[in-house]
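Everything below concerns the one structure shown next.
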Amino acid sequence: MFAKVLIANRGEIAVRVIRACRELGIGSVAVYSELDRHALHVRLADEAYALGGHTAAESYLNTDAILDAIEKSGADAVHPGYGFFSENADFARAITERGVTFIGPPPAAIEVMGDKISARDAAEKVGVHGVPGSAALLADASEVVAFGDANGWPVAIKAAYGGGGRGMKVVPRADEAADALASAQREALAYFGRNECYVERYLTKPRHIEVQILADTHGNAVYLGTRDCSAQRRHQKLIEEAPAAGIPDDIIRQMGEAAVAVAKGCDYTNAGTVEFLYEDEGFYYLEMNTRLQVEHPATELVTGVDLVEQQLRIASGEPLPFTQDAIEIRGHSIEIRINAEDPAGGAFLPSPGPITALAPPDGFGTRWDTGYEAGDEISQYYDNLVGKLIVWGRDRDVAINRALRALGELKIEGIATTIPADVAILEHTDFRANQHSTKWVEEVLDLSGVSTTATTTVDVEDPKIKREVDVEVNGKRFSVAMWVPEAAAAAPAASGGRRRSAGSSSSGGASGSGDVTVPMQGTIVKVNVAVGDTVEIGDAIVVLEAMKMENNVTAEKAGTVTEIRVAEGDSVGGGDVVAVIA
Ligand code: MV4
């Protein structure tokens, strides 16, 4: 087993890995950006090293700074968490070359699954199929028409080299095929640099089901049941559950065996997830995620398997301690993601800022995974996941009731959160009846009037709080405890300039800023408006892709668009003004 693991990540997942290391007697090494100097993962780790920088690119994605921290700490393995370097084969190779273990799959497996065409081929090779479609790339719209006439409408045109949610066009009828193909090819070229597209049947009410797998370096691989992640909007998951409910046992077994076959087919090791679409007792391979996922605790609660412990054991060469027949799914779990976003009637406006109060829920079957405590700040520069509430119940109804009970206890002040939207989903009869699909949150769930107003109460008495003051010696952090007035402790970092994004704080006001700013660095993938357009509060002005997710950047003010400062494909930094509304 490793002596010391460096966690190349931040927030709740860094905390999750540090805890697993501690339980196994492994030393933990945190790394941190300027903004995270006092973050919970830094406070909990045995050692911590500064990366410098504010944005993800300057810190957690700075290969040289991370390699330097590995060297200084003497860590013998690196856990990448999710996001950042977790699916970066070059990073995995770079550390492996230095004799340090990457706690994840082999780089070659990351590469196979990182490309949509090779990932599909890898699954086909072992008899696991995607949605039925034409194998060939499309040369002409007549091929779309022929496919639809032969297999039924609607059909979906997808970008061959695409990924995420982009580039898919739904074609309801033959006479829309030509326009749809042209549009899909244009988008594919703009997003992915290649215009090749293919066609497949369009599933109108699919569920997003994923299978967790573990594979060791001795040729053993198992599946640990399913998760249903259908409750999502714009490809951001809101609530996940395990197991996926209402799927016949024999189909669950077939999906599990298919997932294991895909993993074995690409010589996969460590933890991974195979994603499927499920409709009418059919399941169709989508892709494989070659990392530990945000929603992994849902699986842990119904299997009793500590997935991070198994990741560490597998990476250090141990064989899996159980076989497939020993894995039993007990009861039901639900994970609720709590993000620093105001649901704002469905707009989901980012709400970074200091957390002034945080009281986590507790009780039977209740788990709270977070990277923050009261007094910490949610930065606009990183993913705004505040924490995950994961509950277990003996069945799905019990778990839903427990989730609602625990959400009622959870108190978060200072920032707006997605809790009201999570409650709206859990309370909805469609969700309770397991009638929802991947389109349900966006097309059926009514979030009008659902919003949190950010509470910005500051304690007037200004009590003294414990504050750790850091000293860095050669970039290594040492901390000293001090009792200081809260206001001083909460003072923001001096540098940085643009600190607050529009759309983040002053929630709900009728006269928000006319400057439309992006909340974090990323790429503009869509500009929805033109100069002269009239917009309402909450209208999506541009779509920003950041950390593999698409985010609507919305108007804070109603009026006329007088300026657009970006084009599709532009890179932007957190706080940049992308449009002006007068
Ligand atoms: C589909 C589909 C229906 N039919 N393919 C969207 C993202 C991409 N990775 C796959 N996606 C879909 N492909 C066919 N033939 C519906 C979706 C889809 C979806 C899939 C998974 C999770 C959420 C989704 C939300 C909307 C659409």
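Just follow the structure's listing: the first ligand is 1, and inside any ligand the first atom is 1. Excluded from the calculations below are hydrogen atoms, water molecules and symmetry mates; all remaining heavy atoms, backbone and side chain alike, are included.
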For atom 14 (C) of ligand 1, the option (of Glu210, Glu200, Lys237, Arg207) bearing the nearest heavy atom: Glu200
Filtering Val199, Leu203, Val155 for the heavy atom nearest atom 3 (C) of ligand 1 leaves Leu203
Counting from 1, what ligand 1 atoms have a heavy atom of Gln232 closer than 4.0 Å? 22 (C), 23 (C)
Shortest non-hydrogen contact from Phe147 toward Ser134: CE1-N, 3.7 Å
Can you check which of His235, Glu443, His208 brings a heavy atom nearest to atom 6 (C) of ligand 1? His235
With nothing but distance in play, are any N or O atoms of Arg201 less than 3.5 Å from an N or O of ligand 1? yes
Tell me, please: is Glu442 in heavy-atom contact with ligand 1, that is, under 4.0 Å? no
Taking only heavy atoms of Leu277, which atoms of ligand 1 are found under 4.0 Å from at least one of them? 1 (C), 2 (C), 5 (N), 13 (N), 20 (C), 21 (C)
Proximal ligand 1 atoms for Leu286, defined as those under 4.0 Å from one of its heavy atoms: 10 (C)
Would you call the rings of His436 and Phe431 parallel, tilted or perpendicular if under 30° counts as parallel and over 60° as perpendicular? tilted
Donor-acceptor pair, distance only, cut-off 3.5 Å: does the side chain of Asn270 make one with the backbone of Gln311? yes
Does Asn289 offer a backbone N or O that forms a donor-acceptor pair with the side chain of Glu87 under 3.5 Å? no
Under 3.5 Å: donor-acceptor pair, side chain of Trp392, backbone of Ala298: no
Are Glu279 and Lys205 within salt-bridge range, i.e. N to O under 4.0 Å? no
Do Phe283 and Phe276 pass the ring pair (Phe, Tyr, Trp, His ring centres under 6.0 Å) test, and can you show the C-alpha distance, the side-chain angles, and the key distance before you say yes or no? CA-CA 6 Å; Phe283 64 88; Phe276 297 96; 5.4 Å; yes
Can you list the ligand 1 atoms lying under 4.0 Å from a non-hydrogen atom of Val131? 15 (N)
